[in-house]
Amino acid sequence: MAGLLLSSTEKVFIVHGVQEDFRSDGRSNIDYRPMELETDVVSHASGSARLRLANTDILVGIKTEIDTPKPDKPDMGKIEFLVDGSANATPEFEGRGGENLASSISNTMQRAYHSSQAFDLKQLCIVEGKQCWKLYVDILILECGGNWFDAVSLATKAALFNTRIPLVKALLMDGGNVDLQLSDDPYDFKFLDVGSAPLLVTLCKIGEKCVVDPSAEEESCSVISLIVGITGNSKSYCADKGASNITDVDIKCSTISMNGPGSLAPKTLKNAIHQGM
Amino acid sequence: MPLDFRRFNGPEDSVSYKIYTKDYLKTYDEQLKDLYDENGKRKDGRELNEARSMCMFFARTDMVSQAKGSAYVELRKTKVVCSVFDPREIPHQNEFRQLGQLYCEVKFAPFSCPRKRRPYVPDVEEKALSVALRQALEPAVCRHFFPNYQIDVLIYILEHDGSCLAAAINAAGLALANAAVPMFDIITSCSVAVIGNKMFIDPTEIEEHIAKNSTEVNHGIITMSVLSQLKQISDFTQIGSMDVECVTKVMEVLLKECEIIVPNIQRVLVVDVVKNFELKKHLEAETKKREEILKKKMDEWRSLLNGQ
């Protein structure tokens with residue numbers, strides 16, 4: 001992607017390096033690039049985060065709105081993802097150019113957060129069947145440096161962690177209509193439980209080996225990459241290690257998808273999934 | 001939901017009448033029990049590990065006369081039509097691309113889904129299926145044979161009873177072969193719904209719905225498509241939450257299932273080729289007859305002219 005022109009010699013160099021577990025910036029196949037994460041950067045959003053993963057820059061803002069829950073899921077809130085590739089990132093994103101990439105990222109995120117074990121939508125319920133919170137997660141791609149899926153999922157998890165949901169102080173039931181009164185105090189809110197929110201890990205197949213966190217040059221050398229969404233273990237996010245009321249959950253896959261015009265042998269797929277875990 | 005501006009939209013807060021039926025108010029456990037009885041047979045009589053491709057599979061090509069290639073696949077109640085058109089220039093294209101492109105579009109008929117009416121405007125689910133279909137077909141098609149062109153693969157789902165993506169990929173593979181698009185291998189696809197410790201191969205819509213919204217430890221749907229001879233997986237999508245052992249187990253099962261479908265597809269293609277050959281012979285015989293008649297007439301006129 002992104003107007004990179006690599007000569008075939010450079011590609012061969014990268015492929016050979018990966019075979020030896022040595023990448024062009026000195027990392028091994030399973031090392032991540034240094035990342036900077038900052039939360040609460042956007043003052044008007046209920047929650048926000050900005051992630052810099054070497055050259056990739058993602059900004060996530062979360063808005064909360066009150067909505068009626070779906071009739072077949074009366075006690076669950078809603079979460080909706082929108083990915084916007086700004087033309088700042090690369091001239092290809094100008095106008096409707098970035099739509100394909102944006103829709104594939106938001107589809108993957110929607111699938112990853114679909115399961116109740118990944119993100120429990122029940123914590124977004126206000127009045128069962130009548131009112132619930134709806135979270136609009138808006139993801140902005142500011143700069144392209146390879147490896148969007150990982151960066152987007154990391155930034156989203158941080159932004160969700162930072163999201164402040166106002167507390168409901170009073171409820172007036174008026175013959176089917178509900179009148180809410182939210183607390184006026186700006187410090188009166190609750191946080192969401194994002195311990196098990198999924199993180200996406202991209203494994204890029206270069207030559208025979210799989211590489212984690214590919215840079216833009218490495219991405220252009222590979223034909224296929226595998227994206228695994230892994231839900232975390234809530235327990236490891238507790239400050240108090242003695243808490244026993246949160247069940248110990250094994251890490252699980254919440255979504256797996258493939259990206260790129262290639263194909264994998266079954267054994268490679270299995271190894272890659274294990275590596276992602 | 002983007003509004004459809006071509007027609008007069010009814011009030012937005014209309015809901016399906018089904019949420020008021022007794023079926024709807026069943027708890028999750030009751031719904032789960034409904035899926036299979038004590039013998040382990042599913043609601044439509046299949047075993048847990050029996051795919052519809054064995055007993056209720058129907059496929060044929062040459063469905064759409066206007067398309068270069070087309071296919072119709074029926075998995076019991078799931079019905080899918082696919083048409084493939086000639087390569088054409090890529091619209092809105094500035095740069096030269098070495099490899100041909102595939103433009104895939106999946107559309108649900110508005111009356112196809114049991115739970116609600118599908119809007120006319122393509123929604124998120126249809127776009128996601130289109131992307132998944134493209135992802136699955138790209139490694140199978142020899143794209144270097146039509147550089148800078150695109151081939152349209154258009155899928156229309158007439159009735160949705162589970163395994164839509166799998167049926168769509170099978171139909172698209174057949175239609176591409178019927179359209180004489182050069183391909184590396186036959187592509188087949190299958191899906192599995194996991195609920196707890198039970199695996200439902202080739203799930204129906206109800207099974208899929210329960211699998212997606214289950215709260216058990218392992219739940220979800222996996223769809224996989226395989227290039228059979230090359231033994232490569234061209235697309236693998238999973239939704240839900242399951243641990244690694246479950247995923248690897250399901251992958252083994254799916255590999256086997258996809259292999260089982262291959263003879264069915266091959267049979268359909270062979271029938272197609274045989275039919276084309278016979279048609280060609282028939283046409284040649286007819287042409288010969290007509291030429292005979294014309295020749296006779298020509299000789300008559302010639303003799304007349306010479307006689308004059």
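Computation of the quantities below employed the complete heavy-atom set of this structure, encompassing side-chain atoms and omitting hydrogens, waters and symmetry-equivalent molecules. All values derive from a computational prediction rather than experimental measurement. Each chain gets a letter, A, B and so on, in the order its sequence line appears, and its residues count up from 1.
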#### Entry: B:K127 to A:N107 - nearest heavy-atom pair and separation
C-ND2, 4.4 Å
## Note on the structure
Here the gap from B:I239 atom CD1 to A:T108 atom OG1, rounded to the nearest 0.5 Å, amounts to 10.5 Å
## Note on the structure
Between B:Q238 and A:R111 the two heavy atoms that sit nearest each other are O-NE, 3.7 Å
### Task
Take atom CZ of B:F146 as the centre, draw a 6.0 Å sphere, and report whether it contains more than 12 heavy atoms from other residues, nucleotides or ligands.
yes
